[in-house]
Amino acid sequence: MSVPVSPPPRRNPVARTGMPALLSAQRSRATHGLTAAAAQGLFCLQVCSDCGTRQYPPREACSHCLSAKLPFRDVDRAGVVVVDTTIRIAGEIYFRERTPWRIGTVQLDCGPIVIAHLHGDVSQGSRIRMELLTDKAGAPAMFAMPAVNTPAMQDDRQYREFTCDPKFRRVLVTDGRTEIGQALVRALSDAGARKVFVGIANPWKPFAGKQSLARAENVECVQLDVTDTASVVECAAQIGARVDILVNTTEHIRLGGLMDQTGIGIAREALELRSLGLMRLAQSFGPIMRARGADGVDSACAFVNLLAAHALMNWPSYGASSAAEAAALSMSQCLRSELRHGGIRVVNMFVGPLETEWYQNAPPPKVSPATLARAVVQALCSGQEDCFVGEVARDLRARLAANPKALERELGAA
Amino acid sequence: MSFAAKASKRLAYDNVVACAPISIAYERYSIESAHWWIGRALHALITKAGLAPLDLDGLSVSSFTLGLDTAVGLTQHLGVSPRWLDHVPMGGASGIIALRRAARAVQCGDAELVACVAGDTNQVDTFRKTLQGFSRFAQDAVYPYGAGGPNASFALITQHYMDRYQATRADFGRICVAQRDNAMQFGQALLRKPLTLQAYLDARAVADPIHLFDCVMPCAGAEAFLVCREQTACALGLPSVRLLATIERHNAFADDPVQYRGGWAKDADELWAMSGVTPGDIDLLETYDDYPVISMMQFEDLGFCQKGEAPAFVRAHDLTVAGDFPHNTSGGQLSVGQAGAAGGYLGLVEAMRQLTGQAIGAQVHNAKTAVVSGFGMINYDRGLASAAAVLAAV
Ligand SMILES: [Zn+2]
């Protein structure tokens, strides 16, 4: 049975902060088929189109019939641990600091033999459910979980290396004025966050929900305006070293394309808030988080961006906003590569229209702020880095993968 | 349809021999390059044979640490001009595979004097770097899982073998202790401190059930020998051994979930048929011993005992040089050290010395026939290459 994770001890101010030591993330291009699946929490292996053989590790030819048609497909995750070992002496600093480390040989029911990290509740002979996670360096990793849930399984020491569980961590929600921001504060508190800092721009301006935020336990409002460099710098100076998870909840969705807006004022506002705001947060909080990627139970671990799914393909009804979201997405990809050196994961939440005032004109189905907040917690707990929330976002992902040009036309006709 | 079943009887190696076994004393760490170590071995070889570098018309090279260079580059580096050149990147199977290829080249007249050499350096960070980039599957699907290297891979194989055949740690310990006993008389062994079974059992755990004395010590070193016709060896005044039979196999039994047998099990019948001798005729056995479980598999798969009976076999026999089943008579890699690809030559040059009465350490009394086997390349979860040879005193 997993030992529940303990709250971090009080920090000794003169003790050295653990330095993030990463593994090499170099992988063959074929293996990045697993990276793509892991990013979205899927479990895929190469499945031969000619003979149906499922194979692992990824290859350039089918090991049964030599076919080169080897798409990654969802396959059965079930398997059994044939044999396990506990590594007590490791060759890399990352593992030297984490030994003993358990791995095992797993026979998947669908065929392949997989060397996998083992959850503490599985051992030789255990039935398992294989998860494809990403390690701190961003590389795909096979992780064998108990086939049936066990108590406190989420707290498993090895599993926590692959997730960004909010339990006992301190979180910054960058904008607490919105319904989404407030839903996230609640969801993260419920998930066991030790502290939730809530950014409030221009605190003298009233907003709905202010009272309940002020009353909530372990919640602290901080002054933060991501459009103002000095404000972001000041906020990071105050709380940066205590932010383990940053959730950027700023929003700027406005109806309208390019020609039916007058001037560029609104679009400039959107870019200022969404992409340059992300950059300000990255510059002020990123370096501190990156240095704290291996700082114990409450190490820094995730930088979460909430993005409109139309960052992936412009929706002309919300054309200028889609462009600002696309700019934010591009920034997040850069940030992902920069934060990886510290083992910090950039989690992008792609979400379709929300049940909020700014999406009044968008047709259903829409996503409620509470659903989005739960999805963020779920993504952190399961170690995902790209998450598609709601029917519209998932539909958009599927259509984009199938035919991007068709999607462009379809969104333009709507 | 099986083409293999219809294969015709294999051609004998006629009067091809191996001679001039060379072992350059190993060092735990070396500041020299693999080129240096290979150069030392070749220099010792030509000195022993009374040859000049340009007399060598065949060359076979095995090494993991030549960096940018191939066997071709080495010819210029070392000033040789072979008309037959081979590169055998097969780890622990390199020695036997180099030998069987060179033997055919000599037999067919493609070359007269083939120098076979294996050497590797071990600089302070060499071993870790070699592991990480050992193979594509190692990079993608093994090393990132705890970075245990071969210790972790063999921990899984050993545990599985123990469960399947009720082997105990003490059974593996018998192999290690006997080899240390042999090594104490082999001056070039890096580990010559006496080892008791209790000390073996009490050693610190590395990756369960692998403990310290189950592991080889990575080091720098080189080994070499010469392949030529028997009359050439005689003319050079070199005692030699004949090649009765060889086998080689890669990626055998791919469907076994965990390795418990090697390619030898597929080819042993052919080995014995070609050699004209039986396991009972063998005076000494040199197995590839990167971990003792693999030596046990070789006892079984080569037919010295039944599958699963190696634990009982090691309890019933004395594996030292003076014993009733001399095994890894120089101490094997477990005591001498593992000098990269040279580890695949260690048993072969030792058997050549034993059969020609030139043992550096203890001499097996009246040694006439030997079996040497090789095993190599943990590509993903198991060793892929297996090879074996039956050698006889001339
Ligand atoms: Zn196929």
Side-chain angles (χ1 to χ4, degrees), chain A residues 22-35 56-60 63-64 79-96 98-108 111-118 124-125 135-137 139-144 158, chain B residues 125-164 203-212 214-215 218 251 253-260 291 293 378-382 384:
Chain A
L22 295 191
L23 296 166
S24 166
Q26 191 181 329
R27 296 292 185 276
S28 63
R29 195 153 209 283
T31 293
H32 284 310
L34 301 176
T35 312
Y56 178 86
R59 294 164 164 90
E60 311 297 335
S63 61
H64 183 69
V80 64
V81 179
V82 182
V83 61
D84 65 75
T85 184
T86 302
I87 296 171
R88 299 178 189 281
I89 299 176
E92 292 291 324
I93 292 163
Y94 175 84
F95 284 114
R96 287 183 98 87
R98 288 163 181 79
T99 49
W101 189 268
R102 296 180 64 246
I103 64 166
T105 303
V106 174
Q107 168 102 60
L108 292 178
I113 301 292
V114 175
I115 304 290
H117 304 288
L118 298 187
Q124 190 172 330
D135 69 17
K136 294 237 182 252
M142 292 284 184
F143 197 103
Q158 287 190 194
Chain B
D125 210 19
T126 299
F127 188 63
R128 194 181 62 83
K129 287 178 179 157
T130 304
L131 291 185
Q132 188 169 357
F134 190 76
S135 70
R136 171 162 148 174
F137 286 176
Q139 169 201 281
D140 287 353
V142 186
Y143 194 67
Y145 293 79
N151 293 332
S153 300
F154 278 96
L156 295 167
I157 290 170
T158 302
Q159 185 62 54
H160 180 73
Y161 183 92
M162 290 170 80
D163 296 339
R164 190 177 183 113
R204 71 169 168 156
V206 174
D208 307 355
I210 297 286
H211 291 61
L212 185 63
D214 293 306
C215 307
N251 194 29
F253 308 116
D255 294 332
D256 290 347
V258 180
Q259 184 165 44
Y260 68 94
Y291 295 82
V293 69
I378 305 287
N379 186 60
Y380 172 46
D381 58 338
R382 64 194 68 199
L384 294 185

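In what follows, chains are A, B, ... by sequence order, proteins preceding strands, each numbered from 1.
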Any chance you could lay out the side chain to side chain contact (heavy atoms under 4.5 Å, CB included) test for B:Asp208 and A:Arg88, step after step, and finish with the verdict? CA-CA 8 Å; B:Asp208 307 355; A:Arg88 299 178 189 281; 2.6 Å; yes

Name the option with the most non-hydrogen atom pairs under 4.5 Å to chain B; the candidates are A:Ser28, A:Ser24, A:Ala116, A:Ala90.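 Option with the greatest count: A:Ser28.
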
If you look at every heavy atom in [X] and [Y], which pair is closest and at what distance?
| X | Y | result |
| --- | --- | --- |
| A:Thr85 | B:Ala152 | CG2-O, 4.2 Å |
| B:Phe137 | A:Pro58 | CE2-O, 3.7 Å |
| B:Pro257 | A:Gln107 | CG-OE1, 3.3 Å |
| A:Gly91 | B:Arg128 | O-CD, 3.0 Å |
| B:Tyr145 | A:Ile87 | O-CD1, 3.7 Å |

Quick one: what part of [X] sits under 4.5 Å from any heavy atom of chain B, side chain, backbone, both or neither?
| X | value |
| --- | --- |
| A:Pro112 | neither |
| A:Ala25 | neither |
| A:Arg102 | neither |
| A:Glu92 | both |

When rounded to the nearest 0.5 angstrom, what distance separates CG in B:Leu212 from CD1 in A:Ile89?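 B:Leu212 atom CG to A:Ile89 atom CD1 measures 7.0 Å (nearest 0.5 Å).
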
Interatomic spacing from CD in A:Gln124 to CG in B:Leu156 - rounded to 0.5 Å: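 Here the rounded value is 9.5 Å.
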
Heavy-atom check, side chain of B:His160 versus side chain of A:Thr105, under 4.5 Å: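 No. Closest side-chain heavy atoms not under 4.5 Å.
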
Minimum side-chain heavy-atom gap B:Gln139-A:Thr31 below 4.5 Å: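 No, every pair of side-chain atoms sits at 4.5 Å or beyond.
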
State whether the number of non-hydrogen atoms from other residues, nucleotides or ligands found under 6.0 Å of A:His32 atom NE2 is greater than 12.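 Check passes, neighbour count above 12.
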
Going by ring-ring contact (aromatic ring centres under 6.0 Å, His included), name the residues that satisfy it together with B:Tyr143, two or more places apart in sequence or in a different chain.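 In terms of ring-ring contact (aromatic ring centres under 6.0 Å, His included), with neighbours along the sequence ignored, B:Tyr143 is linked to no residue.
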
I'd like to check the ring-ring contact (aromatic ring centres under 6.0 Å, His included) partners of A:Tyr56; sequence neighbours left out, ordered by chain and number.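 Scan of A:Tyr56 (ring-ring contact (aromatic ring centres under 6.0 Å, His included), adjacent residues dropped) gives none.
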
Residue part contacting chain A, namely of B:Val206, when any heavy atom lies under 4.5 Å: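 It is both, since atoms from each part get that close.
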
Non-hydrogen atoms of chain A under 4.5 Å away: do they reach the side chain of B:Asp163, the backbone, both or neither?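 The side chain, not the backbone.
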
Between B:Asp381 and A:Ile113, is a side chain to side chain contact (heavy atoms under 4.5 Å, CB included) present by the stated rule, with each step listed? CA-CA 9 Å; B:Asp381 58 338; A:Ile113 301 292; 3.8 Å; yes

